[in-house]
Amino acid sequence: MAEPRLRVAALVRRGGTLLLVRQRGADGEHWLLPGGGVEWGETLSAALCREVEEEVGLRVAPGGLAILCESISPAGSRHIVHCCFHARITGWVQRPRRDPVVLEAKWWLVSDLESAEIHPPIAAALQRVCRGSASAQVELLGNTWV
């Protein structure tokens, strides 16, 4: 059995919108926050900056932790811990190294997030965080595997 995988993700906002990427995975296409796996010896902040740069060509400054959730498959074959951080755009990369699984990046209206097929399914939590109505400073969602 594999150990849990640690994934960082960025909540990059612009006005009333949130940046999502559409990716192709083994189980089809879906929307998620830009981010990815943390490499051995890499800090969470460094991983977040690297992944956002690779996926959408943006340089970001990581902020505070907004959402912490897990995705554990019913069969127990996958266990992902998602650390979702606020992030502020500081620049862009002239010629980014594009991640081949990313099909597109799109700014979604926060009010429309529930219509996106977001994985893990955290649209409501993202809306609460973006609107500033989250009941805690960090939302701990537990297992979100559907």
Side-chain angles (χ1 to χ4, degrees), residues 1-40 42 44-131 133-134 138-146:
M1 186 177 320
E3 294 193 13
R5 176 176 174 246
L6 186 58
R7 181 180 190 275
V8 291
L11 279 84
V12 181
R13 295 186 283 174
R14 185 176 67 185
T17 63
L18 179 69
L19 183 63
L20 297 178
V21 293
R22 186 168 58 96
Q23 289 191 359
R24 179 183 10 253
D27 57 345
E29 295 177 7
H30 45 268
W31 291 95
L32 30 48
L33 293 169
V38 178
E39 297 175 358
W40 180 257
E42 186 176 41
L44 297 176
S45 293
L48 186 75
C49 292
R50 176 184 52 77
E51 286 288 347
V52 172
E53 189 173 308
E54 287 175 5
E55 291 190 355
V56 295
L58 292 175
R59 289 198 172 100
V60 296
L65 184 63
I67 298 172
L68 180 63
C69 66
E70 298 176 86
S71 298
I72 304 169
S73 69
S77 58
R78 293 185 70 198
H79 182 174
I80 304 167
V81 179
H82 304 270
C83 302
C84 306
F85 293 89
H86 294 284
R88 180 179 48 84
I89 298 172
T90 60
W92 62 92
V93 181
Q94 289 287 341
R95 293 191 174 124
R97 186 183 75 183
R98 295 287 184 187
D99 188 328
V101 300
V102 175
L103 303 173
E104 69 176 306
K106 178 181 171 183
W107 293 97
W108 284 78
L109 286 171
V110 171
S111 58
D112 291 345
L113 291 177
E114 289 176 349
S115 66
E117 188 176 327
I118 299 175
H119 286 259
I122 60 171
L126 289 171
Q127 288 177 322
R128 287 191 299 274
V129 168
C130 289
R131 292 180 178 140
S133 60
V138 176
E139 287 218 28
L140 178 58
L141 299 181
N143 186 9
T144 58
W145 192 278
V146 176

With Leu44, which residues qualify under side chain to side chain contact (heavy atoms under 4.5 Å, CB included), at least two apart?
-> Leu6, Val8, Val38, Phe85

Side-chain contact, heavy-atom cut-off 4.5 Å: Arg131 with Ser111?
-> yes

Hey, is CH2 on Trp107 packed in by over 12 heavy atoms from elsewhere, all under 6.0 Å?
-> yes

Do Thr90 and Arg88 come within less than 4.5 Å of each other through their side chains, counting heavy atoms only?
-> yes

Shortest non-hydrogen contact from Ala66 to His86?
-> CB-NE2, 3.5 Å

Euclidean distance, His30 NE2 relative to Ile118 CD1, rounded to 0.5 Å | 11.0 Å

Determine whether Arg7 and Leu32 make a side-chain contact, defined as any pair of heavy atoms from C-beta on separated by less than 4.5 Å.
-> yes

Residues which pass salt bridge (Lys or Arg N to Asp or Glu O under 4.0 Å) with Glu114, listed by chain and number, not counting sequence neighbours = none

Non-hydrogen side-chain atoms of Val81 and Leu68 separated by less than 4.5 Å = yes

Contacts of Arg22 meeting salt bridge (Lys or Arg N to Asp or Glu O under 4.0 Å) (sequence neighbours excluded), chain-then-number -> Glu29, Glu104

Between Gly35 and Glu51, the two heavy atoms sitting closest are O-OE1, 3.4 Å

Shortest non-hydrogen contact between Ala10 and Leu48, atoms and distance | N-CD1, 3.6 Å

Tightest non-hydrogen contact, residues Arg50 and Gly37, listed as NH2-O, 3.0 Å

Kindly indicate whether the side chain of Glu54, heavy atoms from C-beta on, has any atom under 4.5 Å from the side chain of Val102.
-> no

Would a distance-only check, ignoring hydrogens and angles, find a side-chain to backbone donor-acceptor pair under 3.5 Å from Gln127 to Val110?
-> yes

How many angstroms lie between CZ in Arg128 and CG in Leu113, if you round to the nearest 0.5 Å?
-> 12.0 Å

Pick out which of Leu20, Val93, Leu19 makes a side-chain contact (heavy atoms from CB on, under 4.5 Å) with Val56.
-> Leu19

Just wondering, more than 12 heavy atoms not from Arg78 lying within 6.0 Å of its CZ?
-> no

Would you give the length of the straight line joining atom CG of Asp112 to atom CG of Leu18, rounded to the nearest 0.5 angstrom?
-> 11.5 Å

How long is the span from the CD atom in Gln23 to the CG atom in Leu103, to the nearest 0.5 Å?
-> 8.0 Å

The reported gap from NE2 in His119 to CG in Leu33 (rounded to nearest 0.5 angstrom) is 12.5 Å

Inter-residue atom distance Trp108.CH2 - Leu126.CG, 0.5 Å rounding | 12.0 Å

